[in-house]
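Below: the structure, in structure tokens.
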Amino acid sequence: MADEVRGVPELPKAERMKVPRHPMATQEPLERIRNFEEVALGYKPEFALEEAQRCLQCANPPCVKGCPVGIDIPAFVQLIREGDFTGSLAKIKETNTLPAICGRVCPQEEQCEVVCVLGKKYKPVAIGRLERFVADWERRLGLSSTPQLAPASGHTVAIVGSGPAGLACAAELARFGHKVTIFEALHKPGGVLVYGIPQFRLPKEIVRFEIDNLSGMGVEMRTDFVIGKTATVHELLNGHGYDAVFLGTGAGLPYFLGIPGENYIGVLSANEFLTRVNLMKAYNFPRTDTPVRTGRRVAVVGSGNVAMDCLRVAKRLGAEEVICVYRRTRNESPARREELEHAEEETIDFRWLSAPVAILGNNDGFVTGLRIQRMELGEPDASGRRRPVPIEGSEYEIPIDTMVIAIGQGPNPLATKSTPGLELNRHGNIVVDEATMMTSIPGVFAGGDIVTGAATVILAMGAGKQAALGIQAWLDRLAKGEVSKPSLVPAQV
Amino acid sequence: MFTVLSREEIAPKFHRFVVEAPEIARKHRPGQFVMVLPAETGERIPLTIAASDAEAGTITLVVQEVGKTTMAMGLMSAGDAFLSVVGPLGTPTHLERFGTVVCIGGGAGIAPMLPIAGGLRKAGNRVLSILGGRTQELVILRAEMEAVSDEIVYTTDDGSFGRKGLVTHALADLIAEKGKPDLVVAIGPAIMMKAVAEMTRPLAIPTLASLNSIMVDGTGMCGACRISVDGKTKFVCVDGPEFDAHQVDFDLLIKRLRMYLPEEQVARESFLASHECRALKGVANG
Ligand SMILES: Cc1cc2nc3c(=O)[nH]c(=O)nc-3n(C[C@H](O)[C@H](O)[C@H](O)COP(=O)(O)OP(=O)(O)OC[C@H]3O[C@@H](n4cnc5c(N)ncnc54)[C@H](O)[C@@H]3O)c2cc1C
Ligand SMILES: Cc1cc2nc3c(=O)[nH]c(=O)nc-3n(C[C@H](O)[C@H](O)[C@H](O)COP(=O)(O)OP(=O)(O)OC[C@H]3O[C@@H](n4cnc5c(N)ncnc54)[C@H](O)[C@@H]3O)c2cc1C
Ligand code: SF4
Ligand code: SF4
Ligand code: FES
């Protein structure tokens, strides 16, 4: 279908480089810290066309190798320049099922954009923003296009977890013609996209749109269903009769610091804080029933994407001072650059080279303060980053009313522990065959954070798609009678 | 949607719900609970499965009105539905033949006690129950508990029914009369469970308590329910809800239950205000 926008001409290469990278409009910092609306507003069509004009259309494009799922970036950018937004989106969807989401949350500065040829002398093509643009274009015009589905295969597959891994796996399998059911523990599907990443960074309507698309493809969604409790993996294969199971249960186990005072009231895991706010909409309390309290001074420990989200949520809940406590420096912060910059604009007080050593509280059990130790950078550690070393005698205390711990998550063991025969590594992550994504149990596959540990949306999505291919091969062999499902093993609860 | 098949008020501010939840009914074992979210804007709250019927595909919940969510639930009727009921969650009670077991239930804690006492009886134990409440009508589920107990003692704060005093007084007498039981299970307000634990600790009577900490997801994802057991942090929703009562830091639990006191009051008042309005409007219209 032709869009109602005219494309722009192809510029000579030398001129393309002179076009400056288009900034993306955002809500003003002082305004946005009072609402939960989206911060980054996206490109207008004219900007998208001009930005697309910058791409050099490299013959051997490094950007494609930078993208974990290998999107044909020059091709989709070219189609934008020609004004064929629908065609552009179709190009992206050949490899990426969730472009509106990845365009917003991918760490582009480490993936596709960091290697863009233009970036060597000028600024890289704004690949993520363009990807977001075409996906938003489709959604705003209500053009949702259900992909062509293969004829019904008669096979059924159970997907456990509705995060990006599960959603991507489901979409692929539905396209192959299989009957897919997603089992989700929470009452809303989407995984971290719904309970973790806040509205102002990823509006929930977008996730809803993707899930509705899946429903349109015949995927069944069973929320309120905990695998390991409501049914086990072995029961899915036998009692429920699924031909294969995909485990995309994510990294949903909060880590705590192990320092004194962690059970004081007002000390929350990032998961609790974000779930109360994003999933349960505590920012509307008392119009919604779930409360969250932050008080005037909030400290967040950690400096990844999760920490950035907590800091910025705390600010929006009305905290006057929001302090980020991180033991390394800004350079080592694993957060997306854009989020870090947005957080800085929102007057977050960053204390780099600072480690929390004790949480202080009063007799009623409420947190009142945090003791912090200053650090300096020493020798590089195993990760290649310089290791922070404490500076003797540098401890100081700050008063706080709330503390949020955002230092990472591990694998939630509910599904894995109730599945005898499932091989795990020493961190509790599921071990899979890298080519097929099959676990140690025939017919049971896994992907996303439950396999890799906390990673990224695009990696989880890619893993879900890859597993769909592995599942397809398994189903083919099952149909030919070359393999059979494992028999029912009782769970050890 | 999880349809409410019936709701009846079994005592002032105590409601018994029978809810359609076939998968949960099939898997339920004593000691487990569900997270209930009544409506889209609601709160997820933990409620013990007081009984289940796998054939009928139903579970029974007994709910005491204490705040906004439970009060609103009290206004529901058959045919209404909960938006979400998840479970069965938590580690089931370890059921085996211990010998003589004393089951102590206080207030709303009697509801969770019912399936546990029943399970212990079925496992071949002699079940002696002590049920307490402020007044006679608050000692709920008497007939149901009598059916699964070999002996039963009632206590009320005001002496209006059974013996006057606390469940711990009855426990002391029972031990004096019959000697030490092999196990004590206590479910009720944290302060009651703490008192029981303090009484049985010097006597070295194994004692279990079922903890009622504040929860959000109920699946080990958030850590809101964490408490300290033997100096280690545990999540009540997955590691519990039952723990060795002698190892539980009840003072921490009691403090953590006060976490949202001001917000709970706001929610309760705005709920009551809106319902008074409705009642008044009803009068004006009528
Ligand atoms: C706050 C936050 C911010 C982030 N920001 C970014 C970002 O900006 N960019 C980026 O690329 N990545 C980001 N990430 C990381 C990214 O979200 C994850 O890597 C990704 O969501 C992993 O996808 P997944 O499908 O493996 O698991 P998840 O998204 O975690 O989904 C797993 C789902 O499985 C369900 N589940 C778990 N156990 C069971 C069970 N037993 N039965 C049924 N269901 C179960 C869970 O409820 C959940 O819905 C962020 C993560 C967080 C927490
Ligand atoms: C494992 C478990 C099993 C339970 N079983 C039952 C039962 O069978 N019957 C029953 O009547 N009650 C039970 N409870 C307690 C019940 O969950 C609370 O009474 C209910 O959450 C109160 O909600 P509310 O909005 O009406 O009151 P609120 O005004 O929110 O709170 C009143 C009091 O209830 C407690 N509370 C508040 N929010 C929560 C929450 N999310 N989770 C747990 N406690 C909270 C607090 O101590 C608070 O002071 C159980 C609790 C747990 C943890
Ligand atoms: S999916 Fe992510 S990494 Fe790949 S092109 Fe899009 S923004 Fe870049
Ligand atoms: S590397 Fe940059 S300029 Fe080259 S094709 Fe990719 S986006 Fe275009
Ligand atoms: S309620 Fe969230 S971890 Fe227990």
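Numbers restart at 1 for each chain; the letters A, B, ... are given by sequence-line order, proteins then strands. Values below: every heavy atom of this structure, side chains too, minus hydrogens, waters and symmetry copies.
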Self-check item: B:Asp217 (side chain) donor-acceptor with B:Gly220 (main chain) under 3.5 angstrom
Solution: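 Indeed, once roles are kept as given, a pair shorter than 3.5 Å links the two residues.
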With a 4.5 Å cut-off on heavy-atom pairs, point out which of [options] contacts chain B the most.
options                                : result
A:Pro286, A:Ser269, A:Pro254           : A:Pro254
A:Asn263, A:Asp364, A:Leu279, A:Thr230 : A:Asn263
A:Leu186, A:Ile265, A:Asn284, A:Val226 : A:Ile265

Is the shortest heavy-atom distance from the side chain of [X] to the side chain of [Y] under 4.5 Å?
X        : Y        : answer
A:Asn429 : A:Thr452 : no
A:Pro356 : A:Ile259 : yes
B:Ile24  : B:Ile49  : yes
A:Ile405 : A:Glu262 : yes

Mind ranking [options] by heavy-atom pairs under 4.5 Å with chain A and telling me who comes out on top?
options                             : result
B:Arg258, B:Lys68, B:Arg44          : B:Arg44
B:Val238, B:Leu37, B:Val34, B:Ile45 : B:Leu37
B:Thr233, B:Ile254, B:Asp249        : B:Thr233

Quiz item: Are A:Glu272 and A:Arg276 close enough for a salt bridge, meaning some N to O gap below 4.0 Å?
Solution: yes
Practice problem: Decide, yes or no, whether a salt bridge links B:Asp251 with B:Lys194 under the criterion of side-chain N to carboxylate O below 4.0 Å. | Solution: yes
Side chain, backbone, both or neither: which part of [X] has an atom under 4.5 Å from a heavy atom of chain A?
X        : result
B:Val85  : backbone
B:Leu253 : neither
B:Arg256 : both

Quiz item: Heavy-atom distance under 4.5 Å to chain B: side chain of A:Tyr264, backbone, both or neither?
Solution: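 Contact with chain B is through the backbone of A:Tyr264 alone.
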Quiz item: With only heavy atoms counted, which part of A:Leu414 is less than 4.5 Å from chain B, the side chain, the backbone, both or neither?
Solution: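 Only the side chain of A:Leu414 comes within 4.5 Å of chain B.
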Quiz item: Would one find more than 12 heavy atoms of other residues, nucleotides or ligands at under 6.0 Å from atom CZ of B:Arg201?
Solution: yes
